[in-house]
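Taking it in order: structure first as structure tokens, then the write-up.
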Amino acid sequence: MENVDTLKTDVSTPMFDRDQVITSIAHIGVSNFHRAHQAYYMHELIEKHNELNFGICGIDLLDSDRKIYNVLKDQDGLYTLITKDPSGVHQTKIISSIVEYFFGPENPIAVIERLANPDIKIISLTIAEDGYHLNEITGEFDLNHPAVAEDIKNPFNPKTVFGYLTQAFKLRKLRGLSGCTILSCDNIKSNGDTMRQSFLSYVSNVEPDLLNWLLENTTFPNSMVDRITPLTLPEDIETLKQDFLIDDQWPVVCGSFSSWIIEDDFLHKRPQWEKVGVQFVKNIEPYEDMKLQLLNAGHSVLGILGTLNGYKTVHEAANDEDFICFLKGYMDEEVVPVLDLVENLSIEDYKTTLISRFRNPHIHDSLSRICNESSAKIPAFILPTIKKQLAKNQIINRAAFVIAAWCKYNDGVDDNGKTYNIMDSISNKLIRTAALSHQNPIKFLQIESVFQDLYSNDVFTKKYLHYLGYIREHSIKESIIQFNKNSI
Ligand code: CS2
């Protein structure tokens, strides 16, 4: 922190006194995304509107987060956010809204106490799609998930968010304190409702006496979050050193476009986020459908097809005319027809901006980040479109093509013969089933935890088998070209 004043003038440094900032938000999951999104909005609000009551206490719960914990501890929670727009304009800003930091594996009691402290009015989360522990087939909270089952057996030494929150709220209740708002910031449909359902289901098993208190003392607003945030590369760290004389061990790079839309359902006085561009709405559903089914699904489409072709980044795939033509067709013909109109927002404009965000050559967003955990992403981003289109007897050709390509993707070899890793919590199953599907092609579609009962739909199955056969015999590029010409 002492060094901040010595930085070059083209870096924007915090214009407020951090000692004056009071923490009232605890955020679990201090990912790159959180640092580019919510922590950035809070920084802007504190800096431009003097809302000093909303500092963030960052909390990580997983052993795998030890590195970010050490970095942020070393840097007093400060880090650099480098924003890059498609025309090449970059902005470099020191973000300083994370004023405290706790690490569960090191001191779980301290985390529970911090979450139980009545100063904390909002507990926000980015714990990723798989952090909600939903049973893939039923969509219900999975009490048998190993991490959850472990917390149920051992509730006083929790590992999951649910375990921690339960202990913290138990203390609040015991001490006669108020509850707080739990704000999910993950890319899952109805993220607040999903969190509520998961949490209450955990509590009914572990601490049923807490249930009624929770129902009265918590809210779970749904929200839609949007900012493209790639993994940080060694070159990003190096460039900061060379060009800006900033020695930041873990800066964050992100696209300039950012959006955050929230249902206004907070237990206490909330930050005046609207002052920094956050939108509040009554019903998030049309916004989240638009975002998940266009942006996140678009990413998965480019990720799967691009990887098979040997591309490494989103912008490489998005700047290939054949690939982008395929994607635009997917959006126009299969996604947009199932989206509801969104108030004050044009889906056409969102789509156009999205293509330019995907094409931004300054954002090196790796396809491996995108394809990582596809078994959780596909059901959330692509399956809803397929189901709605099928229900209306409308076309699902491109979606079927992408699912077929994902089967081939799980062979782990691109069209140049290069191998890549399948990073997925069910990677063994995906790889084994993709292998079996060389003999019995329907096998892959029968992975119910991803596709539910889609295999029983003859229209979809026929298309899927047709494209899988073609894609297995041809390169992905050739398959896309023929598809775009309506020749397959
Ligand atoms: C990406 C998202 O993980 C993914 O598959 O689509 O991380 C995406 O970059 C963000 O949701 C953008 O808002």
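Keep in mind that this is a model prediction, so the values were computed, not measured. Counting starts at 1 for both ligands and their atoms, following the listed order.
Within 6.0 Å of CD in Gln249 there are more than 12 heavy atoms belonging to other residues, nucleotides or ligands. Within 6.0 Å of atom NZ in Lys443, 12 or fewer heavy atoms from other residues, nucleotides or ligands are found, so the atom counts as exposed in its surroundings.
Under the side chain to side chain donor-acceptor pair (under 3.5 Å) criterion, Asp63 pairs with no residue at all, not counting sequence neighbours.
Considering Leu81, Ile56, Thr80, Leu78 in turn, Leu81 is the only one that fulfils the side-chain contact (heavy atoms from CB on, under 4.5 Å) rule with Ile95. For the side-chain contact (heavy atoms from CB on, under 4.5 Å) test with Lys84, the passing option among Thr92, Val89, Val253 is Val253; the others fail.
The residues Lys377 and Glu373 are annotated as not salt-bridged, no charged nitrogen and carboxylate oxygen being separated by less than 4.0 angstrom.
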List of N/O pairs, ligand 1 versus protein, all under 3.5 Å?
residue	atom	partner	partner atom	Å
ligand 1	3 (O)	Lys377	NZ	3.0
ligand 1	5 (O)	Lys377	NZ	2.9
ligand 1	6 (O)	Asn296	ND2	3.0
ligand 1	6 (O)	His299	ND1	2.7
ligand 1	7 (O)	Arg369	NH1	2.8
ligand 1	9 (O)	Arg369	NH2	2.9
ligand 1	11 (O)	Asn187	ND2	2.8
ligand 1	11 (O)	Lys291	NZ	2.7
ligand 1	11 (O)	Asn296	ND2	3.0
ligand 1	13 (O)	Asp226	OD1	3.0
ligand 1	13 (O)	Arg227	N	2.9
ligand 1	13 (O)	Lys291	NZ	3.1

